[in-house]
Amino acid sequence: MVLVCGLLSGCAWRPGVVNEPVPVVTWAEVEDARRVLVERQAARGTVQARLTLRLTSAQGEASPRLDAALVSDGDGRLRLRAWKLSQSVFDLTATPDGVFVAGREEMREAGGDTEQGLTRLTGRLKDLLSGPDWSAAQLSRVGGDLRAVWPDGLRAEIDGRTLTPRRFVVTIDGRASIAVETRWSDYDTGPWYRSVAASGPFGEAELEFASVTLGGALNPRAFVPPRRAVRIDAAETP
């Protein structure tokens, strides 16, 4: 509990509605769907969440299931902290100044080389959790569903009934890809993730959200990396 309260805005945690089905959306034209996606993203704001995290390396080495807390400001900053038996084992902060990791040795012991992979994923993960720029996507119909393509190589398959992405595909270097499978719930201010499962050259990362609050106030120091954190440069995550 202390670890969670250090990340979030005090200890008065009020979780949002969990596991409510996402309502069906009525839309006729692709641009109608785009407006819904853009409006949802604008309404979401900040994210505070409790979750469990499981990492599996490319060699099949699985970490234990870790308790975790996540905060995102909706503007590209993200903090993910994981622990086991009240002991912090991993703390990752992504800001415009870079990606900072504490507890790297502990995470390597827990899950092999998955620390590198999770760090590599973070740049894209923070964008997906904040929400991709739907206004810049090329949208097209595929049967009753939608496909979205961005100029930087990100792709999404979108459920036409609820207008929630089922799957993202992230191109890393023009060859390798990360596939992100998603499930959604309806929260206080609209749909957001119930779970995220990413797989790629690094292995697998599974995030299962237990409680979520959207649009709340964040601790001003939520995105200040701990003193023992080190900056991870692109050269360290080939």
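What you are looking at is a predicted structure, and each value in this text was computed from that prediction instead of being measured.
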Item checked: By side-chain hydrogen bond (donor to acceptor under 3.5 Å, both in side chains) - contacts of T26 (at least two apart) -> none

Next item on the list: Just jot down the side-chain hydrogen bond (donor to acceptor under 3.5 Å, both in side chains) partners of D145, sequence neighbours excluded, or say none.
Entry: R166

Note to self: Is a donor from one side chain sitting under 3.5 angstrom from an acceptor on the other, for R50 and S211?
What the structure shows: no

Establish whether [X] and [Y] are linked, either directly or via other cluster members, by ILVMFWY side-chain heavy-atom contacts under 4.5 Å.
{"X": "F100", "Y": "V89", "value": "no"}
{"X": "V30", "Y": "I158", "value": "yes"}
{"X": "V169", "Y": "Y193", "value": "no"}
{"X": "V47", "Y": "V224", "value": "no"}

Check: Around atom CZ of R147, are there more than 12 heavy atoms of other residues, nucleotides or ligands at under 6.0 Å?
Finding: no

Note to self: Within the structure provided, determine whether R40 and V25 are in side-chain contact (heavy-atom separation under 4.5 Å).
What the structure shows: yes

Checklist line | Residue pair W83 / L66, side-chain heavy-atom distance below 4.5 Å | finding: no

Check: Do you know which of R183, R65, R194 makes side chain to side chain donor-acceptor pair (under 3.5 Å) with E208?
Finding: R183

Over all atoms of both residues, closest heavy-atom pair of [X] and [Y]:
{"X": "A222", "Y": "R79", "result": "O-NH1, 2.7 Å"}
{"X": "V212", "Y": "L214", "result": "CG1-CD2, 3.6 Å"}
{"X": "A148", "Y": "W134", "result": "CB-CZ3, 3.9 Å"}
{"X": "W184", "Y": "P165", "result": "NE1-O, 2.7 Å"}

Note to self: Using the rule given for side chain to side chain contact (heavy atoms under 4.5 Å, CB included), can you reason through V36 versus Q41, listing the C-alpha separation, both sets of side-chain angles and the distance that settles it, and then say yes or no?
What the structure shows: CA-CA 9 Å; V36 172; Q41 185 172 322; over 6 Å; no

Next item on the list: Could you check S72 against R77 for side chain to side chain contact (heavy atoms under 4.5 Å, CB included), going step by step and ending with a plain yes or no?
Entry: CA-CA 6 Å; S72 171; R77 294 192 301 171; over 6 Å; no

Checklist line | Verdict with reasoning, L218 to Q48, per side chain to side chain contact (heavy atoms under 4.5 Å, CB included) | finding: CA-CA 8 Å; L218 298 181; Q48 305 175 59; 3.4 Å; yes

Note to self: Does R54 form a salt bridge (Lys or Arg N to Asp or Glu O under 4.0 Å) with E206? I'd like the steps, not just the answer.
What the structure shows: CA-CA 5 Å; R54 180 117 183 222; E206 302 172 48; 5.7 Å; no

Item checked: Worked verdict on F168 versus T182 for side chain to side chain contact (heavy atoms under 4.5 Å, CB included) -> CA-CA 8 Å; F168 291 98; T182 65; 4.3 Å; yes

Notebook entry, point to check: Between F209 and W192, what is the ring plane arrangement, given parallel below 30°, perpendicular above 60°, and tilted in between?
Noted result: perpendicular

